[in-house]
Protein chains: 2
Amino acid sequence: MGIAERREREKENLRQEIIDAAREIFVSEGYDKLSMRKVAERIEYSPTTIYLYFEDKSALLREVCEEAFYKLGDAIRKAKKTGRTPLEVLRKGLIGYIEFGLAHPHHYEVAFISPKDKIFGEGDYEFEGSAGQQAFSLLSESVAECMASGDIRKGDVATTAQTIWAGIHGITSLLIMHEDFPFVERKRLINSVVDTTIRGLVP
Amino acid sequence: MGIAERREREKENLRQEIIDAAREIFVSEGYDKLSMRKVAERIEYSPTTIYLYFEDKSALLREVCEEAFYKLGDAIRKAKKTGRTPLEVLRKGLIGYIEFGLAHPHHYEVAFISPKDKIFGEGDYEFEGSAGQQAFSLLSESVAECMASGDIRKGDVATTAQTIWAGIHGITSLLIMHEDFPFVERKRLINSVVDTTIRGLVP
DNA sequence: TCCCGTAACTTAACACTGTAAAGCAATGGG
DNA sequence: CCCATTGCTTTACAGTGTTAAGTTACGGGA
């Protein structure tokens with residue numbers, strides 16, 4: 001039964017080709033410029049063929065994002081390995097998050113900044129289990145450890161984690177979406193946000 | 001020469017009618033569902049008539065937003081009147097900002113969350129002098145006063161103001177765009193963000 | 001009073017978009 | 001050898017923003 005398997009393989013290959021083509025266009029041109037017809041042209045198939053592999057544009061884009069968001073998880077996990085104190089782990093994680101966003105602005109945009117009607121098809125997207133959710137879990141764990149070690153004031157972990165998220169999401173999204181705003185020097189601003197947030201959390 | 005003036009008046013009226021129609025659709029259905037044809041249908045003119053009054057969709061939307069963002073300025077100015085100490089003024093201003101965003105989510109979205117290709121036509125939008133810019137100036141003034149009074153640690157005003165902006169923009173945009181995320185209770189979270197930010201800034 | 005230019009608006013069209021339905025062609029199993 | 005399934009394409013629909021050309025009404029000058 002090698003034939004069915006070869007078929008299966010080829011089908012999987014095309015699926016991956018579609019994702020690759022979509023990612024290439026998406027990364028360089030962004031969401032608005034990504035169209036099904038452009039993807040189709042790049043893989044040299046008809047536009048509707050894509051619909052045999054993905055339910056709709058949202059589903060395709062979701063795949064592209066999931067792929068990238070493993071990297072975000074990696075960045076935070078790396079912080080967990082290299083940081084020597086819980087607070088240092090947290091700090092490195094926050095910096096890693098912001099740098100990830102700035103390195104992959106289009107991904108960050110559709111997944112975190114304006115996901116509505118973009119990667120969430122009709123409101124039935126499963127955040128549970130997604131790579132984005134995993135990244136948030138890692139942040140929460142880091143927060144819990146900081147509380148346990150006494151590095152930051154004790155309190156509700158979820159509230160604290162979401163407060164931190166607000167801060168780092170705020171600066172990341174502002175820097176991505178408001179390129180023309182006269183921000184102060186980038187590194188300085190990022191450090192200010194991270195430092196202010198952490199200073200606001202220590203006992 | 002009353003005729004030319006009447007004409008002028010009528011033209012201005014139609015212009016305002018277009019803005020009104022656009023706002024109504026926009027407020028209730030958001031950017032994606034706002035189309036020139038829908039606006040046209042509501043005012044009972046042909047779609048292309050709108051182009052005699054506005055350069056393009058961005059220009060029309062920009063008008064709708066400018067209109068709304070005077071309210072944001074008002075909210076911050078109100079904080080300036082009712083707050084008794086510079087820090088209280090700042091705090092009320094931050095809360096006012098967040099509440100404004102949550103009260104006008106669609107406006108906040110196109111103006112602050114994802115302005116690219118929405119209200120910024122082809123990158124030649126004048127942030128200088130816009131209502132949004134005025135609001136940010138008010139925030140900066142408030143920060144400067146807090147530094148002068150010693151309520152918050154002294155430092156670069158722009159950096160501090162932008163750091164604060166990151167925090168309040170972060171929570172506002174998250175709450176608007178991620179309705180399905182399991183956030184902790186709204187008021188609790190907002191207070192946590194504002195408190196943490198301010199605690200991070202006091203000497 | 002008549003004519004004509006101009007201003008206001010409409011109609012038609014272009015180049016796109018995402019997506020559904022129907023058609024076609026090849027291929028492997030009975 | 002036939003036939004059904006699989007994989008893909010063609011066609012089409014209902015939208016989008018926007019431009020260019022066409023139409024109509026009206027006020028000022030001759």
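In this structure, the side chains of A:Leu201 and A:Thr197 come closer than 4.5 Å at one or more pairs of heavy atoms.
One interatomic measurement links the two molecules: CG of A:Leu52 to P of C:dA22, which rounds to 16 Å at whole-angstrom precision. The distance from atom CZ of A:Arg15 to atom P of D:dC8 is 14 Å, rounded to the nearest whole Å. In this structure, A:Glu17 places its CD atom 14 Å from C1' of D:dC8, rounding to the nearest Å. Remark: C1' of C:dC16 and CZ of A:Arg37 are 8 Å apart, rounded to the nearest angstrom. Put simply, CG on B:Asp56 is 16 Å from P on D:dT16, counting in whole angstrom units. Put simply, CE on B:Met36 is 18 Å from P on D:dG15, counting in whole angstrom units. Nucleotide C:dG18 holds its P atom 12 Å from the NZ atom of A:Lys33, rounded to whole Å. The CD1 atom of B:Ile25 sits 14 Å away from the C1' atom of D:dT16 (whole-angstrom rounding).
The A:Tyr53 side chain lies nearest to D:dC8 when the options are C:dG18, D:dC8, C:dC9. Which of D:dC8, C:dT10, D:dG17 sits closest to the side chain of A:Leu14 comes down to D:dC8.
A donor-acceptor pair shorter than 3.5 Å can be found between the side chains of A:Tyr108 and A:Tyr97. Checking B:Ser137 against B:Ser140 by side-chain atom types alone, no donor-acceptor pair falls below 3.5 Å. Of the N and O atoms on the side chains of B:Asn13 and B:Glu17, not one donor lies less than 3.5 Å from an acceptor on the other residue. The closest side-chain donor-acceptor pair between B:Ser192 and A:Thr163 falls under 3.5 angstrom.
For A:Glu109, there are no salt bridge (charged side-chain N to carboxylate O under 4.0 Å, His left out) partners two or more places apart in sequence or in a different chain.
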Stepwise side-chain contact (heavy atoms from CB on, under 4.5 Å) test for B:Val194 and B:Ile98 | CA-CA 10 Å; B:Val194 171; B:Ile98 297 167; 4.0 Å; yes
Output, in order, the C-alpha distance, side-chain angles, deciding distance and verdict of side-chain contact (heavy atoms from CB on, under 4.5 Å) for B:Val157 and B:Met147.
-> CA-CA 8 Å; B:Val157 174; B:Met147 281 186 186; 3.9 Å; yes
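Helix-axis bend for the helix from C:dT1-D:dA30 to C:dG30-D:dC1: the local axis fitted to the five terminal pairs at one end deviates from that at the other end by 40°, rounded to 10°.
The residue A:Leu34 sits close only to the backbone: its heavy atoms come under 4.0 Å of sugar-phosphate atoms, none of a base.
Residues from residues 40-51 of chain A lying near DNA chain D, meaning a heavy-atom separation below 4.0 Å, are A:Tyr45, A:Ser46, A:Thr48, A:Thr49 in numerical order.
No more than 12 heavy atoms of other residues, nucleotides or ligands sit less than 6.0 Å from atom NZ of A:Lys71.
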